[in-house]
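What follows is a single structure, written as structure tokens, with notes after it.
The residues of the chain are indexed from 1 along the displayed sequence.
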Amino acid sequence: MNNEASHSMIVRFIDRLDEVKLLRDLSLDDEDIADIIWLALQMGVVEQPESSNREGSVIFEDIQKLLPDSNSSQSKTEVLDVFLDDSPRSGTQKREGDQKQETIPPSGFPFPVPAAPAIQNSLEIGRAMRPLKRKVPSTTKFILDEEATVNRIIERDIWQPVTKPEPERWLNLELIVEESRSSFIWQELIDDFQQILENQGAFRSIRVWTIKSENHQNQDSNLILIRRRRRGKLEQRQHLHRELIHPDNRGLILLVSDCVSPLWQNATLNQWLKDWSESQPTAIVQLFPERLWDSTQLSLGRKLFARALNPGGDNHKLILDDLPFWLPINRDDALVLPVLNLEPQILKLWARVVAGFGNARISTYLFDLEFIKLPENQRQVRNDNKSPVEISPQSQTSGNQNKSLEKQSPEVEAEQAKRIVKRFLATASPIAQRLAGMMAAAPVDISVVNLIRKTCLKEAQPVHVAEVYMGGLLRVTQEDTEGKSRVYDFIPGVRKVLNQAMAINETENILDEISKYIGERIDRPIRSFMALIGSLREIEYDQQEKVLPFAQIAVDVFQNIGGEYAELANLISANIQPVIPPVTPQVSVEPELKICDFEVATIEIIKFTSFKFVVATLERESESRRWYELWLQNKQRWVVKRQEKQAIGVVEKLGEGVNLELMEIPGGTFLMGSPESEQGRFESESPQHEVSVPKFYMGRYPITQGQWRVVAEWEKIDIELKPDPSRFKEDYQGRERWTRPVERVRWEEAKEFCKRLSRKTGREYRLPTEAEWEYGCRAGTTTPFHFGETITAEIANYNGEDVYEDGVKGEYRKQTTPVGYFQVANNFGLYDMHGNVWEWCEDDWHNSYKGAPNDGSAWIVSGTSNTKVCRGGSWDTDTRNCRCASRYNNDADFSYGFRVVRVPPRTE
């Protein structure tokens, strides 16, 4: 499409947006329109066979069908569907989010109502996250460096690709959602916020967790941390809180909560928060507005402001402003937590703090953990200048208090109800006050609240619902043993006070809207409450059972209002007597057999360790020297470039002072084998083929003589193991002989070692497959060696008198060296992958890769083959045998070295 046609299409697109009033309704500016066009180009054109549009422009007729003129908020949602949904639309099709909202909550109202949109400014919230969108070089993914590849071809006539780390998002987000007795109020808000984070694209990955207490009423009960999968599905197994800590300093934790449950006084939670905040940026997303924070558990801390000078720093590196100079801080007992809400401006300030903008400040709370541990009465003495923290009203108004209210005389009950309502009105927002009055005209249920918000009080938000549920007006009338299913009602006398204070026309409006909704659900043309009452006799018995509780509540409301409405209540009460269904003889029926699906989970606790290591690369020095100087010396100089890196792994304790260290090798895809242009290659390395390798753990070093000696003493499984089979038994340059690799091990003995290790630890150990070995050796590189284009005896142990390409001669040591002797590793943190000892693999030998598996598994022929694969070269081999792609076939009865692989546990 030429520029003139593109300009014409964009002009028509903007005119159409203005014609259907989307520019005004969505407040679209130039940047928004540019983003929409870019996204449309990335998604491509949706196929529509019946369309005559040949230019691939936007079909505005589809938009017009989705835009009712009377509801601008609905228009916003439907227009988003045009851009986000590729599938053909039908009249009955619903989005996944809408289906999720239809879930029936535990309640006394049998007609579920989808919640109103919880977040109206999702676009602004997404924009606020832009400071977190920076990219950093990946440690596991690589892309073609076109410029460097071209320069290499021009300058050196080497036709091999040059790769560079692929840019990727900076941070991994751990989103933790607290599950408490008030969670049902915030569920839609949390789901919308999670959807915004996932769609915004600011994070490398997002994992969602649920944190809860085994007993919601006991602040000292055990905490549970569970992973949340798609559509809110919870895993069955529990996780350790340290699994959320990223050792590469690229983690970010957001804990979403209203901070009112007893969980916030749990010592375990405080310790988890301290561990998280001292390792990476950690913040609380407070669901209440800031004006109510002092009425939550946040009042136990001191509010300050914090800023940061460096990106991604943990909370203890924050600079605290407004901190009194006379206030001593014990860092060991201090907890620093930024607190934010879902206002775009606040989120933007927080994102700028995380990104290290020194001029941005965010509200931060400083907690004294020793102070929080004190009993509540002592805490109030020390903190008497603050209002006491409000506990959730369901606990305030349950138990003995409820019983005392029910036993009071009508006069005392009325006075207490007035005091409760007066206290609520003194602290609640005007919208929450109106919502409470409207809720008093109907059954107390979240579905009824959703209906009120969608029809009668559209400005009400989840925070206003929370004000009513937590404002002391309600009590729990039914609750299961686990505290998950609860039914609420007003405290005796409170409904009557609210009914009398509410305008009669608003009460009638609420009853009519609920009746209209019930009529839609039972397929009746009902438009008012009186019409619903009049049609009760015509409704089937099973539907009548659902309607009668609502009608009874309405009768109570009319009686509370009094006057002529009390007479109307008596007439309605006489009309809502249920029809008794005919009695049918009972027939014994065999119980229905049901098939139950369940999962069996095995919890494996993996303690990760962060390893620091030095990665070495060989680079030519010819670019910095005159060509004739090198020509006179008749040699090419190479420089070892060293770079410190960090990765995670695990440590397996074998015995006293003897550990087995393994690196976590991330899954990925690579090109296995060598190109035909690679010097010294063997035909067995062909054809090159793409292999996808899943994640695994690989020994950081070859198995040492010390590790072999420990395992050889363990109980036999199949064969005996000699405790000291090695040839080189002397210390090496001041390092103990036990750190040398074991090098006289047959393939079956290596397998026996892995079997004993598996039985002892309860984890699966084995030899690496040939694909795993080469993938781990290359570590994202494509050169003959993970060091680069050649190898030197300065950083590896092989026959140094042999030279690869235009490398240099070096020392020929004629013996093994202790593992890690050269103190250089590859990008995965693996040592001694080139030279030192040949390493056994799991695979049988094949003369080429024709028919080789492409999933990283071992290639084993049917029957028993006694010819196995060795990799890596040795202390006495030439350079060509030390290459990443080099393969060596050997009889299984020959003796070499090896390293082990640990299989990660299976996850969902």
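- Residues S213 and L223 form a side-chain contact, since some pair of their non-hydrogen atoms from C-beta on lies under 4.5 Å apart.
- With R228 contributing its side chain and V208 its backbone, the two residues share no donor-acceptor pair below 3.5 Å.
- Side-chain contact, Q646 with S610: a donor N or O sits under 3.5 Å from an acceptor N or O.
- In this structure, the separation between CZ on F696 and CZ on R902 is 13.5 Å, given to the nearest 0.5 Å.
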CA sep, side-chain torsions, deciding dist, call: L263, S180, side chain to side chain contact (heavy atoms under 4.5 Å, CB included): CA-CA 8 Å; L263 179 71; S180 64; over 6 Å; no

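- The side-chain heavy atoms of W209 and H239, taken from C-beta on, include a pair separated by under 4.5 Å.
- Within a 6.0 Å sphere centred on NZ of K348, heavy atoms belonging to other residues, nucleotides or ligands number 12 at most.
- Rounding to the nearest 0.5 Å places CG of D275 at 11.0 Å from CG of N270.
- Checking side-chain atoms of T282 against main-chain N and O of Q280 turns up a donor-acceptor pair under 3.5 Å.
- Ring pair H241/W272 is parallel by interplanar angle, where below 30° counts as parallel and above 60° as perpendicular.
- Between the side chain of R181 and the backbone N or O of S261 there is no donor-acceptor pair closer than 3.5 Å.
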Just do the side chain to side chain contact (heavy atoms under 4.5 Å, CB included) check on L474 and F490 with the steps written out, would you? CA-CA 4 Å; L474 306 175; F490 284 97; 3.5 Å; yes

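- With contacts defined as side-chain heavy-atom distances shorter than 4.5 Å, the pair W293/S299 does not qualify.
- Contact record, L337 with S277: CD2-CB, 4.4 Å, taken as the closest heavy-atom pair.
- Side-chain contact between N222 and T268 is absent, with no heavy atoms from C-beta onward closer than 4.5 Å.
- One finds the CD atom of Q238 at 11.0 Å from the CD atom of E243 (value rounded to the nearest 0.5 Å).
- Taking every heavy atom of both residues into account, F424 and E467 meet most closely at CE1-O, 3.5 Å.
- Side-chain polar atoms of N172 and R204 form a donor-acceptor pair below 3.5 angstrom.
- Side chain to side chain, Q195 and D191 fail the donor-acceptor criterion of an N or O pair below 3.5 Å.
- I185 pairs in a side-chain contact (heavy atoms from CB on, under 4.5 Å) with only one of the listed residues (V463, V468, V465), which is V465.
- The backbone N or O of I245 sits nowhere less than 3.5 Å from a side-chain atom of W276 that would complete a donor-acceptor pair.
- Contact of the D489 side chain with the V487 side chain is not registered, since no non-hydrogen atoms from C-beta on lie closer than 4.5 Å.
- One side chain, W264 or S257, offers a donor N or O that lies under 3.5 Å from an acceptor on the other.
- Taking NZ of K274 as the reference point, atom CG of N315 lies at 10.5 Å (rounded to 0.5 Å).
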Mind running side chain to side chain contact (heavy atoms under 4.5 Å, CB included) on Y765 and L660 for me, showing each step along the way? CA-CA 12 Å; Y765 282 89; L660 174 63; 4.0 Å; yes

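- In plain terms, the two heavy atoms of A460 and R453 that are nearest each other are O-NE, 3.1 Å.
- Side-chain contact check for Y365 versus Q286: every heavy-atom pair is 4.5 Å or farther apart.
- Remark: L244 CG to L252 CG distance equals 11.0 Å, nearest 0.5 Å.
- When all heavy atoms of V476 and Y488 are compared, the pair lying nearest together is CG2-CE2, 3.7 Å.
- E174 and H246 share a side-chain donor-acceptor pair at under 3.5 Å.
- Screening L309, L304, I362, V353 against L318 for a side-chain contact (heavy atoms from CB on, under 4.5 Å) leaves a single residue, V353.
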Full working for side chain to side chain contact (heavy atoms under 4.5 Å, CB included) between D248 and T139: CA-CA 10 Å; D248 56 359; T139 59; over 6 Å; no

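- Under the 4.5 Å side-chain criterion, counting only non-hydrogen atoms from C-beta, R169 is in contact with K135.
- For the pair Q707 and N659, the tightest heavy-atom approach, listed with the atom from each and the gap, is NE2-O, 2.9 Å.
- Using a 4.5 Å cut-off on side-chain heavy atoms (C-beta onward), L240 and L225 make no contact.
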Please test D258 against S182 for side-chain hydrogen bond (donor to acceptor under 3.5 Å, both in side chains), starting from the C-alpha separation and ending with a verdict. CA-CA 8 Å; D258 54 16; S182 59; 2.6 Å; yes

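- Contact between A647 and M663 at its shortest, heavy atoms only, is CB-CE, 3.8 Å.
- Here the OG1-CG distance, from T210 to L175, works out to 9.5 Å after rounding to the nearest 0.5 Å.
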